[in-house]
Student: 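Can you keep this structure in mind? I'll have questions shortly.
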Amino acid sequence: MRQPDSGDFSWLQLSATRENLPIFQEFVINEAKRIKTSAEILQKVELVLEETLLNIICYAYPHNHEGSIQLGCCLPGPGELYIRIVDSGIAFDPLSRPDPDVGQPMQDREVGGLGIHLVRRMADRVEYQRKDEMNILDIVFRT
Amino acid sequence: MRQPDSGDFSWLQLSATRENLPIFQEFVINEAKRIKTSAEILQKVELVLEETLLNIICYAYPHNHEGSIQLGCCLPGPGELYIRIVDSGIAFDPLSRPDPDVGQPMQDREVGGLGIHLVRRMADRVEYQRKDEMNILDIVFRT
Amino acid sequence: MEISSQKMDKALIIIVSGRLDTTTAQDFESTCLDLIGNEKNIVVDLQEVEYVSSAGLRSILSVGKKVRSDGGSLIFCNLKGMVREVFEISGFASIFNIYETREQALEAA
Amino acid sequence: MEISSQKMDKALIIIVSGRLDTTTAQDFESTCLDLIGNEKNIVVDLQEVEYVSSAGLRSILSVGKKVRSDGGSLIFCNLKGMVREVFEISGFASIFNIYETREQALEAA
Ligand SMILES: Nc1ncnc2c1ncn2[C@@H]1O[C@H](COP(=O)(O)OP(=O)(O)O)[C@@H](O)[C@H]1O
Ligand SMILES: Nc1ncnc2c1ncn2[C@@H]1O[C@H](COP(=O)(O)OP(=O)(O)O)[C@@H](O)[C@H]1O
């Protein structure tokens with residue numbers, strides 16, 4: 001995968017709070033619009049950001065220690081939107097979670113646990129790495 | 001001065017282009033609004049960002065090499081807005097420039113050269129350092 | 001997000017519009033439960049819903065479970081675009097009865 | 001930014017509104033020069049201008065120099081808030097004649 005430290009990445013770093021979620025979303029949407037991304041893809045991008053960022057906001061920094069999120073974004077080639085999400089919270093690999101059993105009847109379904117599943121299904125590629133005490137999640141959309 | 005690498009800084013990094021200027025401005029305005037900054041101060045912040053960022057966009061990366069700008073922002077205490085602007089363009093200390101002679105009559109006035117002067121007069125504190133091949137400009141507003 | 005309801009002979013119709021996301025899901029859930037009261041047959045019309053995230057699904061499932069445990073049934077109609085996709089991916093399209101139009105939903109209710 | 005003009009006996013009034021920044025300054029400059037044509041006495045009313053940056057000052061000075069070199073004069077009125085402050089800091093308050101109101105400016109024109 002392309003390295004986000006190369007100059008063509010745009011970055012936004014804000015504290016991991018709910019009120020910053022729409023600012024992160026708007027940031028990526030703005031970038032994505034440069035390559036005339038369709039409204040349907042933009043909605044998927046928005047959804048994937050809501051799920052992944054909210055998870056970091058809710059679970060990554062449990063000890064009331066206010067952490068931050070770094071979100072990188074680039075347009076590596078025609079029709080590709082590349083998003084990198086970095087946090088220094090507790091180690092968590094979302095791709096290691098088994099998919100929920102979406103075939104169960106209602107009474108057996110737990111409320112919740114669908115966020116990561118939606119991310120994996122909506123994005124075209126998702127990769128995780130733990131590096132320098134940080135969670136690095138790379139998400140690629142074909143636009 | 002407080003160190004921007006401490007977690008309470010918010011950061012935005014975008015390529016140094018004119019079209020990104022309003023995105024940088026909006027980013028800081030958003031942060032500043034959290035501490036109920038008055039409309040007058042917000043205008044000064046906007047002006048100072050236009051002048052400093054546009055200078056980087058126009059002059060810092062002369063060889064057509066597309067550089068980027070990192071803008072950090074924090075609210076270190078009541079009534080203080082702290083902005084850090086970082087670029088890796090040619091070394092330039094805006095504070096080393098003599099103030100323009102604003103007492104000259106019109107025919108002797110050069111067109112231009114007022115941007116840095118406005119920055120120094122509008123902000124409450126401005127400091128410059130060159131470090132690791134980067135220009136680091138710190139600007140503080142009392143809100 | 002906005003919610004309104006309409007009492008028909010066969011069912012209570014709940015009409016939702018806007019976004020069902022982390023900021024609105026709680027409100028959706030409590031407003032729905034208020035509107036439902038003791039009604040048994042509920043049709044939720046999602047025609048004007050343009051966005052639903054897992055927070056929205058969470059609230060929908062909570063409402064569904066509540067209605068079911070009271071012996072009623074909750075059915076959906078008019079799923080559009082990403083709302084339909086999210087229902088499919090999450091299996092909600094199979095745990096709930098889904099209809100193309102409000103008329104079809106009312107007939108089945 | 002918007003510009004309009006009004007021909008009076010004593011002067012041409014140019015009424016500007018909005019922002020005079022890096023995105024609008026060029027347009028301000030060329031539109032002003034068009035409106036001015038061969039007029040000598042120009043009053044620029046800045047009542048509705050809420051923001052001016054060095055790019056705006058640059059265009060203002062260019063227009064001022066052009067008018068002066070044609071033997072005319074450019075005066076300003078109704079500077080508000082940060083526009084007044086920017087004019088003062090940059091010395092424009094002393095290189096141009098500035099009046100509180102349009103009436104005063106017209107009288108002096
Ligand atoms: N960044 C994270 N750090 C630690 N745990 C996480 C993180 N993200 C998700 N989790 C865990 O994974 C679970 C499943 O997440 P998700 O699929 O988004 O559903 P939900 O958030 O609705 O439970 C969460 O309940 C949480 O326990
Ligand atoms: N970041 C920068 N790098 C190199 N040179 C700069 C930079 N910023 C400003 N300068 C130089 O300083 C001059 C004065 O800048 P300024 O006061 O903003 O006025 P203006 O941009 O209108 O000339 C510029 O013309 C330019 O030569």
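Letters go in sequence order (proteins before strands), and every chain restarts at 1.
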Student: Kindly check if the number of other-residue, nucleotide or ligand heavy atoms within 6.0 Å of CG (D:Asn38) is above 12?
Tutor: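 Incorrect, the count does not exceed 12.
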Student: Give, as side chain, backbone, both or neither, the part of B:Gln104 having an atom under 4.5 angstrom from any heavy atom of chain D.
Tutor: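 Contact with chain D involves the backbone of B:Gln104 alone.
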Student: Is chain D contacted by the side chain of B:Glu40, its backbone, both, or neither, given a heavy-atom distance below 4.5 Å?
Tutor: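 Nothing of B:Glu40, per the 4.5 Å heavy-atom cut-off to chain D.
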Student: Measuring only between side-chain heavy atoms, which start at C-beta, is B:Met106 closer than 4.5 Å to D:Phe92?
Tutor: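 Not in contact.
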Student: By a 4.5 Å heavy-atom criterion (distance strictly below it), what part of B:Leu54 contacts chain D: side chain, backbone, both, or neither?
Tutor: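 Looking at B:Leu54, just its side chain touches chain D.
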Student: Would you indicate whether the side-chain heavy atoms of D:Ile89 and B:Leu118 approach each other to under 4.5 Å?
Tutor: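 Yes - at least one pair of side-chain heavy atoms lies under 4.5 Å apart.
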Student: Quick check: are there more than 12 heavy atoms from other residues, nucleotides or ligands sitting under 6.0 Å from CG of D:Asp34?
Tutor: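 Result for CG/D:Asp34: enclosed.
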Student: Taking all atoms of both residues into account, what is the closest heavy-atom pair of D:Tyr51 and B:Gln43, and its distance?
Tutor: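 The pair with the smallest heavy-atom distance is CE1-O, 3.9 Å.
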Student: Is any side-chain heavy atom of B:Arg121 less than 4.5 Å from a side-chain heavy atom of D:Glu85?
Tutor: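 The answer is no; the side chains never approach within 4.5 Å.
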Student: Can you find a heavy atom in the side chain of D:Val86 that is under 4.5 Å from one in the side chain of B:Met122?
Tutor: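 Yes, close enough: below the 4.5 Å cut-off.
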Student: Output yes when a side-chain donor or acceptor of B:Gln107 lies under 3.5 Å from a complementary backbone atom of D:Arg68, and no otherwise.
Tutor: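 Such a contact is absent between B:Gln107 side chain and D:Arg68 backbone.
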Student: Please confirm whether the backbone N or O of D:Thr22 pairs with a side-chain atom of B:Glu50, one donor and one acceptor, at under 3.5 Å?
Tutor: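 Side chain of B:Glu50 to backbone of D:Thr22: a pair is present.
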Student: Which bit of D:Ser53 comes within less than 4.5 Å of chain B, counting heavy atoms only: side chain, backbone, both or neither?
Tutor: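 Answer is both: backbone and side chain atoms of D:Ser53 are under 4.5 Å from chain B.
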Student: Are the side chain of B:His117 and the backbone N or O of D:Ser90 linked by a donor-acceptor pair below 3.5 Å?
Tutor: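 Absent.
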Student: Looking only at heavy atoms, which two atoms of B:Gly112 and D:Arg58 are closest? And how far apart?
Tutor: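 Minimum heavy-atom separation between B:Gly112 and D:Arg58: CA-NH2, 3.8 Å.
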Student: Can a donor-acceptor pair be found, under 3.5 Å and without considering hydrogens, that links the side chain of D:Lys65 to the backbone of B:Arg109?
Tutor: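 It does hold such a pair.
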Student: Report the option among B:Lys44, B:Glu110, B:Arg18, B:Glu46 that has the most heavy-atom pairs separated by less than 4.5 Å from atoms of chain D.
Tutor: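 Highest number of pairs under 4.5 Å: B:Glu46.
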